[in-house]
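All remarks here apply to the structure that follows.
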Number of protein chains: 2
Amino acid sequence: MAYRKTPAEVRRLEAAREHLIACATSVVAEVGWSQASVTAVADAAGIAAGSVYQHFPSKAALAVEVFRRAAGREVEVLGEVLAAPGDPVDRLGRGIRVFARRALENRGLAHALLAAPAEPAVGAERLDFRRRYRALFAAVVREGIAEGALPEQDGEITAAALTGAVGEVLVDPLGSPGGPTTEALLDELTALALRCAGAP
Amino acid sequence: MAYRKTPAEVRRLEAAREHLIACATSVVAEVGWSQASVTAVADAAGIAAGSVYQHFPSKAALAVEVFRRAAGREVEVLGEVLAAPGDPVDRLGRGIRVFARRALENRGLAHALLAAPAEPAVGAERLDFRRRYRALFAAVVREGIAEGALPEQDGEITAAALTGAVGEVLVDPLGSPGGPTTEALLDELTALALRCAGAP
DNA sequence: GGAAAGTCTGAATGGTGGTTCACTCCTTCC
DNA sequence: GGAAGGAGTGAACCACCATTCAGACTTTCC
């Protein structure tokens, strides 16, 4: 064996991979999955198209990685807010607010995660993502019911509705033009979500 | 001029076009937009691929027509229910029920209209479709507010949320397997929607 | 320094699917 | 009946991308 990867070399490769993922994420957030060709992504990362295949076996694999990273961050943040100690209804409101604020702050990415047309592999990932969101919301709703703060209801359905409602409000051009300010939109959305769950 | 279209001929062409649209709609409902190739649609209609271009200038034009027809029917039905005379809150509940029931009865089509990946032209049509749905719901919500039956709120946002909520609950695999019955799901969804709008 | 073993490149390859077009078949009208 | 012109056909065409691969360039290790 005349070649063993030196730690520096390993780090360099790792960094290149991360850089590629980061650039791909930007491209996707800007132009959507369908326009994010291998060439476009490679160009953005400053490498040749062929080099993408040093890091990922296929375009789909890269896309899935991009999705997982971004979605994972979101789920994690939401999970922390919802799992904090305190009144379930308060936490639900704060969770909605965080979910919505983050989406509004990075609309492109939010759109990519929630709605933008994508290849099947990413679509499957997205289902999982929504399911995880749903599970988080459902848990808090159930807690609220147990405490008597929320009326009897199917937590799963309410959770799905919350995800859908926030997604719909955000994805469509409601928040951009002459519409309400971000803060007003967040207030309205939070109030709506609490009504939706049946909070007084 | 040695050829003027006879009425019978015109009717025959019209029928062929309608037949093509109907078959295309079925194909789309069954396999989604992305799998509905020109060849697949033509096969379903029993004509050659090239013949599609006798009726439509491009695949996108056919897709848009298919979408418009189906979406138009839905908007019309919902519009009738929501515009009926009577208590706004009642009408809202009935509207949600109709929206949801129709979607559950033809899941494939509902999925195609609401969520399935599609080419940009169809995507644009879909935005319009959702906007029309929103406008219908928003009008009823505003009526409810004016009558004092619903609390103060931004009708547009509530309407968007209702659309998103119903869509999310329906599109994802919530209603198919061991989940609740259709009727139970409809009840739950209606209750949720009314809570969402702030009905007592 | 130089051989071995990578990494990187980007033009060529291949598959997919919408669109075209030369041709056949059918309807109209004299 | 037959000329004129539209409708229908389906194989060929073409554009678009993901993917590959032979060669150029780099790094490792003796």
Side-chain angles (χ1 to χ4, degrees), chain A residues 1-21 23-24 27-28 31-67 116-123, chain B residues 1-21 23-24 27-28 31-67 116-123:
Chain A
M1 162 199 337
Y3 185 68
R4 195 175 338 167
K5 278 175 188 160
T6 203
E9 189 68 358
V10 169
R11 241 180 289 118
R12 196 182 60 78
L13 282 177
E14 186 62 23
R17 190 185 140 100
E18 292 301 317
H19 181 236
L20 173 58
I21 295 173
C23 291
V27 172
V28 166
V31 303
W33 301 100
S34 54
Q35 306 275 355
S37 65
V38 170
T39 318
V41 167
D43 282 357
I47 61 177
S51 301
V52 169
Y53 293 84
Q54 301 272 335
H55 303 287
F56 295 95
S58 69
K59 180 194 165 149
L62 168 56
V64 164
E65 184 67 23
V66 165
F67 190 99
E119 57 211 302
V122 170
Chain B
M1 162 201 333
Y3 185 66
R4 194 174 338 164
K5 279 174 189 161
T6 204
E9 189 68 359
V10 169
R11 240 179 292 119
R12 196 182 59 78
L13 280 176
E14 186 62 22
R17 190 185 139 102
E18 292 302 316
H19 181 236
L20 173 58
I21 294 173
C23 292
V27 172
V28 167
V31 302
W33 301 101
S34 54
Q35 307 275 354
S37 66
V38 170
T39 318
V41 167
D43 282 357
I47 61 177
S51 302
V52 169
Y53 294 84
Q54 302 270 337
H55 303 288
F56 295 94
S58 68
K59 180 195 164 146
L62 168 58
V64 164
E65 183 67 22
V66 165
F67 189 99
E119 56 212 302
V122 170

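Proteins get letters first, then strands, A, B, ... in listed order; numbering begins at 1 in each.
Legend: residues meeting side chain to side chain contact (heavy atoms under 4.5 Å, CB included) with B:Val64, ordered by chain and number and at least two apart, are B:Arg68, B:Ala121, B:Glu125. Every residue two or more places apart in sequence or in another chain that forms a salt bridge (charged side-chain N to carboxylate O under 4.0 Å, His left out) with B:Arg12 is listed here: B:Glu9. Not counting sequence neighbours, B:Glu14 has no partner by the salt bridge (charged side-chain N to carboxylate O under 4.0 Å, His left out) test. Partners of B:Ala45 by side chain to side chain contact (heavy atoms under 4.5 Å, CB included), not counting sequence neighbours, listed by chain and number: B:His19, B:Leu20, B:Cys23, B:Ile47. Applying the side chain to side chain contact (heavy atoms under 4.5 Å, CB included) test to A:Val28 and every residue at least two apart in sequence or in another chain returns A:Trp33, A:Ala36, A:Ala112. Scanning for side-chain hydrogen bond (donor to acceptor under 3.5 Å, both in side chains) contacts around B:Glu18 gives B:Arg69, with sequence neighbours left out.
For the pair A:Glu14 CD and C:dT7 C1', the interatomic distance rounds to 16 Å; values are reported in whole Å. Atom-to-atom, CZ of A:Arg17 to P of C:dG6 comes out at 19 Å; the value is rounded to the nearest Å. Taking atom CG of residue A:Leu13 and atom P of nucleotide D:dT28, one finds them 11 Å apart after rounding to whole Å. At whole-Å resolution of the value, CD1 in A:Ile47 and P in D:dA18 are 14 Å apart. Rounded to whole angstrom, the span from the CZ atom of A:Arg11 across to the C1' atom of D:dT28 amounts to 16 Å. Atom P of nucleotide D:dG8 and atom CG of B:Leu20 are separated by 11 Å, given to the nearest angstrom.
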Trace of the side chain to side chain contact (heavy atoms under 4.5 Å, CB included) decision for A:Ile21 with A:Phe56: CA-CA 10 Å; A:Ile21 295 173; A:Phe56 295 95; 3.8 Å; yes

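Contact check, A:Arg12 against C:dC8: a side-chain N or O comes under 4.0 Å of OP1 or OP2.
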Within the sub-3.5 Å range, which N or O atoms of nucleotides 13-16 of chain D have a protein N or O partner, and how far apart are they?
none

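Among residues at least two apart or in separate chains, there is no side-chain hydrogen bond (donor to acceptor under 3.5 Å, both in side chains) pair with a member in residues 39-64 of chain A.
Shown for residues 49-66 of chain A: residues whose heavy atoms fall under 4.0 angstrom of DNA chain D, namely A:Gly50, A:Tyr53, A:Ser58, A:Lys59.
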